[in-house]
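Lettering follows sequence order; numbering is per chain, from 1.
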Protein chains: 2
Amino acid sequence: MARIKDVALAAGVSTATVSRVLSGSGPVRKELRDKVLETVAALGYRPNLAARRLRSSRTETIGLIVSDVRNPFFTNISRAVEDMAYQQGMRVMLCNSDEDPKKEALYLGLMEDENVCGVIFSPTLGTARQFDATAYPFPVVMIDRPVAVGAVDAVVLDNRAAARALVDHLVAQGYRHIGGIFGSASGTGLARREGFHQALQQYGLTGSSQLLAPTVAAAQQEIERWLASPNRPEALLVSNGLFLLGALQAVRAAGLSIPEDVALVGFDDDPWTALVEPGLTVIAQPTYEIGRTAMELLLQRRESPERPVRVIELAGTLIKRGSSRMLTTA
Amino acid sequence: MARIKDVALAAGVSTATVSRVLSGSGPVRKELRDKVLETVAALGYRPNLAARRLRSSRTETIGLIVSDVRNPFFTNISRAVEDMAYQQGMRVMLCNSDEDPKKEALYLGLMEDENVCGVIFSPTLGTARQFDATAYPFPVVMIDRPVAVGAVDAVVLDNRAAARALVDHLVAQGYRHIGGIFGSASGTGLARREGFHQALQQYGLTGSSQLLAPTVAAAQQEIERWLASPNRPEALLVSNGLFLLGALQAVRAAGLSIPEDVALVGFDDDPWTALVEPGLTVIAQPTYEIGRTAMELLLQRRESPERPVRVIELAGTLIKRGSSRMLTTA
DNA sequence: ACGTAAAATGTAAACGATTACAAATAAAGT
DNA sequence: ACTTTATTTGTAATCGTTTACATTTTACGT
């Protein structure tokens with residue numbers, strides 16, 4: 001295996017020069033540069049990354065901590081981050097935290113060990129609330145979950161606006177009595193709930209909402225109760241993909257039909273939402289865009305560590321499908 | 001930041017001893033070991049990974065090259081590999097090759113640079129056919145795609161058996177005239193096609209099959225042609241999730257209903273296959289298991305590089321749903 | 001032509017661990 | 001008690017780069 005000194009010897013230059021050519025760190029006469037590049041190619045030399053990282057203490061690696069890559073939302077983000085990173089000659093280290101604060105801490109430590117140059121992180125509510133960016137030697141960009149503002153760069157969906165858009169749509173379609181179910185584990189759920197109630201208030205409507213653990217079963221159970229109650233809602237708004245699934249199953253189990261008996265709208269344009277009958281009206285998140293933006297924030301902060309903290313809110317897209325079809329005032 | 005020499009000094013031992021304690025590489029008297037551990041904790045010392053990797057030339061990192069993590073199949077595998085790896089104190093480097101041989105080569109080189117201790121790889125057909133394991137300094141385990149037998153460790157679905165099982169099922173349900181569509185880009189499609197024709201032959205049936213590029217549009221187009229033809233098949237068997245989607249859309253677009261006008265069965269138990277109406281009969285792949293097994297093969301080969309090459313075929317599971325309901329002999 | 005500033009190159013000291021090898025200590029056999 | 005052997009520990013070389021600093025070369029103004 002060729003080492004840098006072999007290249008230097010063969011090219012008749014010093015190792016410093018070879019290093020300068022390869023990392024573009026210093027000036028080298030064109031003539032020598034070409035000679036070096038030629039020898040590098042001839043010997044098939046590839047620099048030893050461990051040595052380089054040790055000496056320079058730069059790793060060109062970024063960490064990505066999500067709760068579970070199997071979630072299509074994070075899958076898309078992960079893909080965007082990876083695309084951007086490899087394009088920049090950087091590496092990505094992906095970790096699944098399973099919404100577990102212990103694992104979050106563990107992986108943050110691991111990132112420190114790896115000496116990453118930045119981390120993109122989707123924290124649980126607890127971690128988000130008490131996160132101290134200064135405790136880590138690398139910049140952090142939060143995604144998906146809102147964070148105490150001003151504390152750390154972040155890119156999130158405009159959750160309030162998105163929830164309002166869903167309510168606007170339902171109201172426009174003629175629905176009045178609307179129930180909402182929101183995830184209790186993330187700041188996302190809370191923000192969406194705020195938007196939900198804001199919008200209702202604006203229309204002079206009242207509606208009940210419920211905070212639930214983010215599982216299919218929890219939603220299914222709660223919605224079965226609602227459907228069985230005497231004044232069941234005309235429409236249901238749920239705050240994530242799992243709830244959407246739970247809701248769908250509850251409605252089907254109750255032998256009711258969508259949207260005739262009850263309309264259903266939610267978040268996340270997962271592939272299946274378009275395929276079920278009727279298609280589900282959802283807010284699509286710009287997932288790839290979120291990943292790309294997070295990466296951009298990270299790179300920019302690396303350039304200028306002192307620039308003020310930025311929280312970027314991206315707009316969701318309302319995708320209208322059959323599950324919120326216009327009420328025919330029977 | 002504490003270095004190993006600081007720990008050594010504070011604990012009153014040599015750096016060698018600290019190293020031995022931390023990496024468990026040599027014998028250390030319990031008394032000293034405790035003292036060292038104590039000092040490590042007190043100083044909050046964490047070994048520098050770059051230095052360790054440089055000196056030992058061991059990285060405890062494995063590479064995972066898949067075509068696209070957004071594919072639920074690979075997402076599950078990725079999750080399994082990551083779970084296993086972190087559990088072992090190893091890291092994972094994930095790359096998306098997009099079925100592009102150039103990127104495959106690029107990332108394999110990158111893995112070499114990273115000095116990974118092994119790679120789990122889902123190659124395109126071309127790469128699989130001419131893959132030379134001895135060209136790389138790390139062991140490779142192929143997944144999903146069959147490879148020239150004997151060349152390299154692999155774990156794949158028993159594709160022939162799976163296709164036969166689908167045909168068995170269709171025949172048992174009363175279908176006779178069966179059409180098949182298979183992916184041309186991977187060995188997987190070819191193997192499934194073999195199983196398909198084997199099974200038909202066994203029943204004394206004939207059936208036509210088609211090799212197509214693995215896209216939704218290709219399947220949709222081809223199937224629309226079939227449905228419009230005078231003697232359209234009673235049942236369709238397609239070899240992957242994308243085709244399933246394309247087929248579903250084609251059938252719906254033609255205004256036909258499943259399974260009354262045409263039955264539909266396929267591969268990959270993606271979440272949505274259970275949610276559409278009717279549910280789709282599929283072969284579920286043990287995706288998590290595939291990832292886990294691949295990781296096991298890799299670890300075992302690290303232990304004993306000389307052990308003979310193994311190709312592990314895992315059985316799929318037939319999941320019967322409405323899309324292949326029994327034909328009522330009208 | 002000559003001195004000075006700027007640009008290009010080389011020399012050698014890091015970076016922070018691991019690990020041969022040597023040295024010291026403890027255990028065991030006679 | 002005294003080798004001999006086994007077990008622990010320490011010393012110092014080493015992994016392969018980058019980079020501060022010294023040195024040489026080139027360019028330039030007068």
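Using a 4.0 Å cut-off between a side-chain N of Lys or Arg and a carboxylate O of Asp or Glu, B:Lys103 and B:Asp98 qualify as a salt bridge. Of the charged side-chain nitrogens involved, at least one lies within less than 4.0 Å of a carboxylate oxygen, so that B:Glu289 and B:Arg292 count as a salt-bridged pair.
A:Tyr107 and A:Phe121 have their aromatic ring centers separated by at least 6.0 angstrom.
As a whole-Å value, the separation of B:Leu54 CG from D:dA13 P is 17 Å. Put simply, CD1 on A:Ile4 is 14 Å from C1' on D:dC15, counting in whole angstrom units. The interatomic distance linking B:Arg46 (CZ) with C:dG16 (P) rounds to 16 Å, in whole Å. Residue A:Leu49 contributes atom CG, which lies 14 Å from atom C1' of D:dC15 at whole-angstrom precision. Between the CD atom of B:Glu31 and the C1' atom of D:dT9 there is a distance of 13 Å, rounded to whole Å. Residue A:Lys5 contributes atom NZ, which lies 10 Å from atom P of D:dT17 at whole-angstrom precision. Counting to the nearest Å, the P atom of C:dC15 and the CG atom of B:Asn48 are 11 Å from each other. As a whole-Å value, the separation of B:Asp113 CG from D:dG16 P is 14 Å.
Put simply, A:Arg29 has a side-chain N or O that comes within less than 4.0 Å of OP1 or OP2 on C:dT9. The phosphate of D:dT18 has OP1 or OP2 within less than 4.0 Å of a side-chain N or O from A:Arg52. In this structure, B:Ser14 reaches the D:dG10 phosphate: one of its side-chain N or O atoms is under 4.0 Å from OP1 or OP2. Contact annotation: A:Thr17 reaches the phosphate of C:dG10 (side-chain N/O to OP1 or OP2, under 4.0 Å).
Judged by distance alone with a 3.5 Å cut-off, no donor-acceptor contact links the side chain of B:Arg53 to the base of D:dG16. Judged by atom type and distance alone, A:Arg55 does not reach the base of D:dT17 through any side-chain donor-acceptor pair under 3.5 Å.
If you check every strand for non-hydrogen atoms under 4.0 Å, B:Thr15 touches a base. B:Leu32 comes within 4.0 angstrom of sugar-phosphate atoms only, judged by non-hydrogen atoms across all strands, and of no base.
Taking the side chain of A:Arg20 as heavy atoms from C-beta on, and the options D:dA12, C:dT11, C:dT9, the nearest nucleotide is C:dT9. Nearest nucleotide to the side chain of A:Ser19, out of D:dT18, C:dG16, D:dG16: D:dT18. Distances were taken from every side-chain heavy atom of A:Pro27 (C-beta onward) to each of D:dT11, C:dT9, D:dT18; the shortest belongs to C:dT9. Of the candidates C:dC15, C:dA12, C:dA17, the closest approach to any side-chain atom of B:Arg3 belongs to C:dA17.
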Test side-chain hydrogen bond (donor to acceptor under 3.5 Å, both in side chains) on A:Asp83 and A:Tyr288 and set out the steps. CA-CA 10 Å; A:Asp83 285 352; A:Tyr288 195 89; 2.5 Å; yes
What verdict does the side-chain hydrogen bond (donor to acceptor under 3.5 Å, both in side chains) test give for A:Glu104 and A:Thr124, after you've listed the backbone C-alpha separation in whole Å, the side-chain angles of each residue and the deciding distance to 0.1 Å? CA-CA 8 Å; A:Glu104 290 181 331; A:Thr124 56; 3.0 Å; yes
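For A:Arg58 and A:Ala50, each mapped to the nucleotide of DNA chain D holding its nearest heavy atom, the one lying further toward the 5' end belongs to A:Ala50.
No more than 12 heavy atoms of other residues, nucleotides or ligands lie within 6.0 Å of CZ in B:Arg129, so this atom counts as exposed by the packing criterion.
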